[in-house]
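To find a chain, count down the sequence lines: A is the first, B the second, and so on, and within it residues start at 1.
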There are 2 protein chains.
Amino acid sequence: MSSDDVTGQAADGPRRRDATATRQALLLAARARFTQLGYDRTTLRDVAADAGVNLALIKRYFGSKEGLFKAALASTPRFLGREGEFPRDRAALAEALSRQLAAGAWAEFGEHPVLMLLRDSGDEQVAELRRQALAEFGRQVLEASGASSAPDAELRAELLVALGVGVAVVRSAVGLRPLADATPEDLLGPLHDIVEGLLKPPPD
Amino acid sequence: MSSDDVTGQAADGPRRRDATATRQALLLAARARFTQLGYDRTTLRDVAADAGVNLALIKRYFGSKEGLFKAALASTPRFLGREGEFPRDRAALAEALSRQLAAGAWAEFGEHPVLMLLRDSGDEQVAELRRQALAEFGRQVLEASGASSAPDAELRAELLVALGVGVAVVRSAVGLRPLADATPEDLLGPLHDIVEGLLKPPPD
DNA sequence: CCACCAAGTAATCATGCGTTGACATGGTCC
DNA sequence: GGACCATGTCAACGCATGATTACTTGGTGG
């Protein structure tokens with residue numbers, strides 16, 4: 001069923017009374033479950049089992065399932081670019097996009113963080129978080145596009161966001177081929193054409 | 001909570017012993033719930049209530065929740081173009097895409113059918129269904145693109161599929177603005193640029 | 001009119017899951 | 001060494017939900 005371990009944890013020696021390590025283990029397991037299974041199909045019992053930790057500790061450290069979800073969300077790496085080194089021109093943007101979109105396996109847990117945002121908990125607060133995260137992404141894209149003067153520049157930037165979401169979903173959740181198997185190099189050309197076509201300044 | 005009626009049904013006069021009408025009412029209600037809430041958050045009791053029908057009838061007509069989901073899926077209109085009139089050139093494709101992507105409200109139930117495909121039941125059979133539906137969409141796009149001779153034509157077509165998925169998700173599930181509020185006219189220009197940029201034949 | 005069967009109803013079962021509180025344990029500081 | 005608190009354990013509760021069963025209703029054909 002869905003109770004197979006997913007993180008490869010729990011084999012560690014007995015983590016003895018280390019609150020921080022326990023928290024981390026729970027977060028790691030939770031991220032894996034939430035991104036792969038979604039909120040509803042993730043059970044606290046499975047998360048606890050993955051982390052090799054007692055179920056009740058989830059309540060202790062995160063209060064509730066919602067709390068765990070939000071904490072896991074907060075501990076998730078950002079979508080594009082590391083802090084402060086966001087691409088500054090269209091070519092670099094296309095490259096960064098292709099790299100990230102192609103990285104079907106995120107460094108820490110084999111899934112794309114965007115997915116976790118989509119596997120929502122039904123909580124409006126989380127929905128707002130997600131909206132903000134994607135809006136922020138859109139803003140960065142807009143900036144990288146050279147803040148095109150087109151009246152619909154914002155819309156165009158968000159279309160690129162939508163593309164990112166779609167590619168992440170199709171690659172990780174749907175497994176559509178050949179997209180799911182494409183390497184960064186495969187994606188670079190097509191993505192460049194999209195970015196170029198979408199963000200080029202209006203002829204005017 | 002999530003038990004508010006969503007279809008506006010149930011106010012009809014007492015549907016008296018009409019198996020067909022009962023089935024239809026259930027399908028309609030199920031589609032609405034499944035697309036808006038996803039598989040897990042959709043409860044059979046709510047579906048039955050929306051349809052104004054007894055809970056046990058779901059078992060009678062569809063066997064199980066899975067059965068209902070698959071039936072609802074099968075009763076869902078296709079994504080792009082009506083039977084046989086799929087766009088045949090890039091311009092028409094861009095237009096059809098924009099129309100469909102912009103139609104946040106699908107004719108029959110206020111949601112996009114792609115979403116239902118994404119709100120999976122965890123069932124592998126459904127996942128396969130979804131993959132096939134999207135692959136078919138990709139094939140149609142490929143064809144409409146003039147079957148570009150580029151070696152990565154297939155990949156490019158699937159990127160357009162991913163865009164469709166992403167836009168549907170962002171519009172309906174995320175509510176990112178201004179994308180979520182964009183009208184077909186708003187989307188036409190940008191989408192045209194994307195389609196043009198992505199599907200134009202290679203310079204060779 | 002009666003028998004029969006599809007259509008519909010009501011009540012209940014079984015189970016998984018989030019949550020909770022009472023208890024055990026070990027390390028640390030006086 | 002003993003008190004004390006953070007850490008971790010155990011067992012259970014309550015609830016929502018999918019499934020199921022026994023029963024009722026009504027219309028239709030003979």
Would you indicate which nucleotide in [options] comes nearest to any side-chain atom of [X]?
X	options	value
A:S64	C:dT19, D:dT7, C:dG18	C:dT19
A:K65	C:dA10, C:dT19, D:dG18	C:dT19
A:R45	D:dT21, C:dT19, D:dT9	C:dT19

Point to revise | Under 4.0 angstrom between A:K59 side-chain N/O and C:dT20 OP1 or OP2 | key: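 Answer yes for this pair, as a side-chain N or O of A:K59 is under 4.0 Å from OP1 or OP2.
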**Study point:** Under-4.0 Å side-chain N/O to phosphate OP1/OP2 contact, A:T22 with D:dG8
**Key:**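 So the side chain of A:T22 is within the cut-off, an N or O lying under 4.0 Å from OP1 or OP2 of D:dG8.
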Review point. Pick the nucleotide of DNA chain D nearest each of A:L55 and B:L44; which residue has the one closer to the 5' end?
Key: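 Upstream on the strand: A:L55.
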Which heavy atom in [X] sits nearest to a heavy atom in [Y], and how many Å separate them?
X	Y	result
A:L155	B:A182	CD1-CB, 3.9 Å
B:V161	B:G138	CG2-CA, 3.4 Å
A:G197	A:R156	O-NH1, 4.2 Å

Exercise for review: Identify whether any heavy atom of A:A56 sits under 4.0 Å from a base atom; if not, whether one sits that close to sugar-phosphate; answer base, sugar-phosphate or nothing.
Suggested key: base
Review point. Which is true for B:T20 with a 4.0 Å heavy-atom rule: it touches a base, it touches only sugar-phosphate, or it touches nothing?
Key: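 Here B:T20 touches no strand at all.
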Practice item. Could you label the plane-to-plane angle of the B:F69 and B:Y39 rings as parallel, tilted or perpendicular, counting under 30° as parallel and over 60° as perpendicular? Key: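 Ring orientation, 0 to 90° scale: perpendicular.
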Can you measure [X] atom [atom1] to [N] atom [atom2] for me and round it to whole angstrom units?
X	N	atom1	atom2	result
B:Y39	D:dT17	OH	P	14 Å
B:N54	D:dT24	CG	P	15 Å
A:Y61	D:dG8	OH	P	4 Å
B:L26	C:dA7	CG	C1'	13 Å
A:F69	C:dT19	CZ	P	14 Å

Review point. Which sits closer to the 5' end of DNA chain C, A:T42 or A:R60, going by the nucleotide each is nearest to?
Key: A:T42
